[in-house]
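This report refers to the structure that appears directly beneath it.
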Protein chains: 2
Amino acid sequence: MTKPTQADARRNRDLLLAAAREAFAEQGTEASLREVARRAGVGIGTLYRHFPTRDALLEALLDSNFQHLRARAASLLAAPDLAPHEALSAWLAEMTTGARTYTGLPESIMAALADEGSALHESCAAMRASAGELLVRAQNTGRVRSDVTVYEVIALALGLAWAAQQPGGTSDLVDRLLSTAMHGLTVAG
Amino acid sequence: MTKPTQADARRNRDLLLAAAREAFAEQGTEASLREVARRAGVGIGTLYRHFPTRDALLEALLDSNFQHLRARAASLLAAPDLAPHEALSAWLAEMTTGARTYTGLPESIMAALADEGSALHESCAAMRASAGELLVRAQNTGRVRSDVTVYEVIALALGLAWAAQQPGGTSDLVDRLLSTAMHGLTVAG
DNA sequence: ACCTGAACACCGTTCAAGT
DNA sequence: ACCTGAACACCGTTCAAGT
């Protein structure tokens, strides 16, 4: 065996990400990291070298999702023909869809929001900021209750996403619950 | 050491329940069962003899809670001066309070509802039945949306209970979210 | 630099051996 | 009957030894 090159390292990183995507999809965000390393055909130490925590792995895996959510918020904020409360509603639908990518992800996100040390914190805080912009604008039109906080909206949405991914949940459950929740957030008019 | 008597067995059962209550309160429903046995001062085999599954232990621990919820539903259904949708709302508030007894309990309840083999299934199904009676009556008055199912109401309420017990959640969060959710379930009038 | 896997301290669960 | 704890097959995480 020759000394590992930088290209080997890069390749191992990619193998680990692919393996993690598979394992998390099958078993949720709490899937065994040993199992991930095994699937990647790599030693467990190599996994820890590339991703020192589970959240670091998750962050790398979800990067494009988070980017998409930020872009989507910007585009919804700029859409001229969309009522602000409907923009909020549309964004929340996409956010919960993303949060249901892996079983256990809503929990990881809630934890990362509260833990500044998490590798997932920055992305989640940015997500919360997007929700905040959409929420405030919708509240300013008077169509969305003014006493609701961003945290409540996020917790509500992730709570529904969580419920929908429990065993027994149907695929349309999130949409139905979210529609109910949005109705609860809006003011008659 | 003499042969263990029936009284010893009974005593061990009580020690295990007290230890489990403590451990679950501190660490949630996924607390180590070895830790529970250790706290009870009993061999791990003894825990498994008395409670063959984690859900069996949980069921014994929550028995009085479930009984209380059933009684409460009956009493709310019989209250003459209470609007049916308010009875539903009041019961859901108590249900979510119960579900927040231990971190992870909302998840255990959702799982038990879907798994007929769980030792917790019967109690949870009875809980769902209580919710169903209150819901149907409230729907018959026209004040609660008729297209909502019991499962959706339970999932919604447990989702909010789950969200409120994640790190970062405040103590009044459930009440606020539940009030929003109830508003979403009701029809203007 | 980067990779590996043994080592440590834990789990859940079972079951032969004890009284 | 009831209790015990060793045994088995797993974890997450670290770190000395290898290239």
Side-chain angles (χ1 to χ4, degrees), chain A residues 1-20 22-24 26-61 102-104 107-108 111 115 117-120, chain B residues 1-20 22-24 26-61 102-104 107-108 111 115 117-120:
Chain A
M1 290 299 158
T2 65
K3 282 171 79 171
T5 70
Q6 209 169 340
D8 290 331
R10 170 65 204 243
R11 188 154 167 282
N12 281 338
R13 212 191 101 100
D14 292 343
L15 286 170
L16 281 164
L17 284 174
E22 262 188 41
F24 288 176
E26 289 173 19
Q27 311 173 23
T29 59
E30 293 305 318
S32 161
L33 295 180
R34 286 182 112 109
E35 166 85 13
V36 170
R38 235 176 277 131
R39 287 197 199 212
V42 139
I44 180 65
T46 301
L47 183 149
Y48 275 92
R49 162 169 266 269
H50 285 277
F51 306 102
T53 62
R54 187 182 294 270
D55 276 3
L57 186 47
L58 224 34
E59 160 66 24
L61 227 42
Y102 307 118
T103 304
E107 182 151 9
S108 305
D115 174 14
S118 165
L120 217 52
Chain B
M1 289 299 159
T2 65
K3 284 172 73 173
T5 69
Q6 207 169 340
D8 291 329
R10 171 65 205 245
R11 187 152 169 284
N12 281 338
R13 212 191 101 100
D14 292 342
L15 286 170
L16 281 165
L17 283 175
E22 260 188 40
F24 288 177
E26 287 173 22
Q27 313 174 21
T29 60
E30 294 305 319
S32 160
L33 295 180
R34 285 181 112 109
E35 167 84 13
V36 170
R38 235 176 278 131
R39 288 197 199 212
V42 140
I44 181 63
T46 301
L47 182 151
Y48 276 92
R49 161 170 268 268
H50 285 278
F51 306 103
T53 62
R54 188 183 293 272
D55 277 2
L57 186 47
L58 224 32
E59 160 67 23
L61 227 40
Y102 306 117
T103 303
E107 182 151 10
S108 304
D115 175 13
S118 165
L120 217 50

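Please read these numbers as outputs of a predicted model, since none were measured by experiment. We name chains A, B, ... by the order of the sequence lines, and we start the count at 1 in each one.
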Side chain to side chain donor-acceptor pair (under 3.5 Å) partners of B/T53, counting only residues at least two apart: none
Watson-Crick and G-U pairing of DNA chain C, under 3.5 Å, as dot-bracket with | and [ ]: ||.|||||...|||||.||
Whole angstrom value for the distance that separates P of C/dC3 from CZ of A/R11: 11 Å
Nucleotide-resolved protein contact map, nucleotides 5-14 of chain D, B/S/- at heavy-atom distance under 4.0 Å: BBB---BBBB
Gap between atom CG of A/L61 and atom OH of A/Y102 - 0.5 Å precision: 3.5 Å
Side-chain donor-acceptor pairs of residues 10-19 of chain A under 3.5 Å, sequence neighbours excluded:
unit_1: A/R10; atom_1: NE; unit_2: A/D14; atom_2: OD1; d: 3.4
unit_1: A/R10; atom_1: NE; unit_2: A/D14; atom_2: OD2; d: 3.3

Partner residues of B/D115 under the side chain to side chain contact (heavy atoms under 4.5 Å, CB included) criterion, sequence neighbours left out: B/S118
Residue list, side chain to side chain donor-acceptor pair (under 3.5 Å) with B/E107, at least two apart or on another chain: none
Residues that B/E22 engages under side chain to side chain donor-acceptor pair (under 3.5 Å), provided they are two or more places apart: B/R39
Salt bridge (charged side-chain N to carboxylate O under 4.0 Å, His left out) contacts in which one or both residues fall within residues 44-56 of chain A, not counting sequence neighbours: A/E30-A/R54
Whole-Å gap separating C1' (D/dC3) and CG (B/L15): 13 Å
Whole-Å gap separating C1' (C/dT4) and CG (A/D8): 14 Å
Qualifying residues under side chain to side chain donor-acceptor pair (under 3.5 Å), relative to A/R34, sequence neighbours excluded: none
D/dC2 OP1/OP2 closer than 4.0 Å to side-chain N/O of B/H50: no
Side-chain N,O (B/N12) to OP1/OP2 (D/dC2) below 4.0 Å: no
